[in-house]
Amino acid sequence: MHYWLMKSEPGEFSIDDFAKAPGKKTTWFGVRNYLARNFMRDQMQLGDLAFFYHSSCEVPGIAGIVEICKLAHPDLTQFDAKSDYYDAKATPEKPRWFNVDVKLVKKTRLLPLSELREHKKLAGMQLLQRGNRLSITPVDPADWKFILSLL
DNA sequence: GCCAACGTTGGC
DNA sequence: GCCAACGTTGGC
């Protein structure tokens, strides 16, 4: 059992889009970073929980809690020549990119990045590190608990 | 296998 | 729109 933080740009897919999705489920396609892929493919387990985070927007921050509801499987967009996420070097026999499916557990209040930064306890969080750009990061169980208490 | 150039991310 | 950080590419 692990905890995670997964970034999404609300302009692409927001917490409200998520709430409207059939079954409140979505496929986390489009990750094209090897470290983030490895987290999904090698470490995410059914029932793992993650914070749903709004990035690249007016007020970046945590917007909800989601659950991993399907283990990593090949990201179909890598085979689609019309997709922005197309990868010419990937084949169905040798897929390069994977995604999990996630289910919305609940929408929370928006907990802004600026507020997370105010808590010294959270200073070690990967999200808060200088230059962090990874779209999926592990969250320490103690940090997870503490953040839950802020929501 | 090194490393400079380039592209992308994402907060501000 | 700016720019720091960092990942990827490609020449050698």
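Below, chains carry the letters A, B, ... as their sequence lines are ordered, and counting in each starts from 1.
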Identify all side-chain donor-acceptor contacts of residues 144-151 of chain A below 3.5 Å with residues at least two apart in sequence or on another chain.
{"from": "A:S149", "atom 1": "OG", "to": "A:F146", "atom 2": "O", "distance (Å)": "2.5"}

**Study point:** All side-chain contact (heavy atoms from CB on, under 4.5 Å) counterparts of A:P112, not counting sequence neighbours
**Key:**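 Scan of A:P112 (side-chain contact (heavy atoms from CB on, under 4.5 Å), adjacent residues dropped) gives A:V59, A:R109, A:S114, A:E115.
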
Name the atoms and distances for all side-chain donor-acceptor pairs under 3.5 Å in residues 13-24 of chain A, with sequence neighbours left out.
{"from": "A:S14", "atom 1": "OG", "to": "A:D16", "atom 2": "N", "distance (Å)": "3.3"}
{"from": "A:S14", "atom 1": "OG", "to": "A:D17", "atom 2": "N", "distance (Å)": "3.1"}
{"from": "A:S14", "atom 1": "OG", "to": "A:D17", "atom 2": "OD2", "distance (Å)": "3.2"}
{"from": "A:D16", "atom 1": "OD1", "to": "A:K107", "atom 2": "NZ", "distance (Å)": "2.8"}
{"from": "A:D17", "atom 1": "OD2", "to": "A:S14", "atom 2": "N", "distance (Å)": "2.9"}

**Study point:** side chain to side chain donor-acceptor pair (under 3.5 Å) partners of A:R41, counting only residues at least two apart
**Key:**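 Counting only residues at least two positions away or on another chain, A:R41 forms a side chain to side chain donor-acceptor pair (under 3.5 Å) with A:N38.
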
Review point. So what does A:R117 hit on the nucleic acid, given a heavy-atom distance under 4.0 Å: a base, only sugar-phosphate, or nothing?
Key: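 Counting heavy atoms under 4.0 Å across all strands, the contact made by A:R117 is with sugar-phosphate only.
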
**Study point:** Sugar-phosphate, base or nothing in reach of A:L113, heavy atoms under 4.0 Å
**Key:**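 If one applies the 4.0 Å heavy-atom cut-off, A:L113 turns out to touch the sugar-phosphate alone, with no base involved.
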
Enumerate donor-acceptor pairs with a distance under 3.5 Å from any side-chain N or O in residues 67-80 of chain A to protein atoms, sequence neighbours excluded.
{"from": "A:H73", "atom 1": "ND1", "to": "A:N99", "atom 2": "ND2", "distance (Å)": "3.4"}
{"from": "A:H73", "atom 1": "NE2", "to": "A:N99", "atom 2": "O", "distance (Å)": "3.4"}
{"from": "A:H73", "atom 1": "NE2", "to": "A:N99", "atom 2": "ND2", "distance (Å)": "3.3"}
{"from": "A:H73", "atom 1": "NE2", "to": "A:D101", "atom 2": "OD1", "distance (Å)": "2.9"}
{"from": "A:D75", "atom 1": "OD1", "to": "A:T77", "atom 2": "N", "distance (Å)": "2.9"}
{"from": "A:D75", "atom 1": "OD1", "to": "A:T77", "atom 2": "OG1", "distance (Å)": "2.6"}
{"from": "A:D75", "atom 1": "OD2", "to": "A:G30", "atom 2": "N", "distance (Å)": "2.7"}
{"from": "A:D75", "atom 1": "OD2", "to": "A:R32", "atom 2": "NH1", "distance (Å)": "3.0"}
{"from": "A:T77", "atom 1": "OG1", "to": "A:R32", "atom 2": "NH2", "distance (Å)": "3.0"}
{"from": "A:Q78", "atom 1": "OE1", "to": "A:R96", "atom 2": "N", "distance (Å)": "2.9"}
{"from": "A:Q78", "atom 1": "OE1", "to": "A:W97", "atom 2": "N", "distance (Å)": "2.9"}
{"from": "A:Q78", "atom 1": "NE2", "to": "A:D75", "atom 2": "O", "distance (Å)": "2.9"}
{"from": "A:Q78", "atom 1": "NE2", "to": "A:W97", "atom 2": "O", "distance (Å)": "2.8"}
{"from": "A:D80", "atom 1": "OD1", "to": "A:K82", "atom 2": "N", "distance (Å)": "2.9"}

Exercise for review: Under 4.0 Å from any heavy atom of chain A: name the first and the last nucleotide of DNA chain B that qualifies, 5' to 3'.
Suggested key: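 Endpoints of the contacted stretch of DNA chain B: B:dG7 to B:dC12.
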
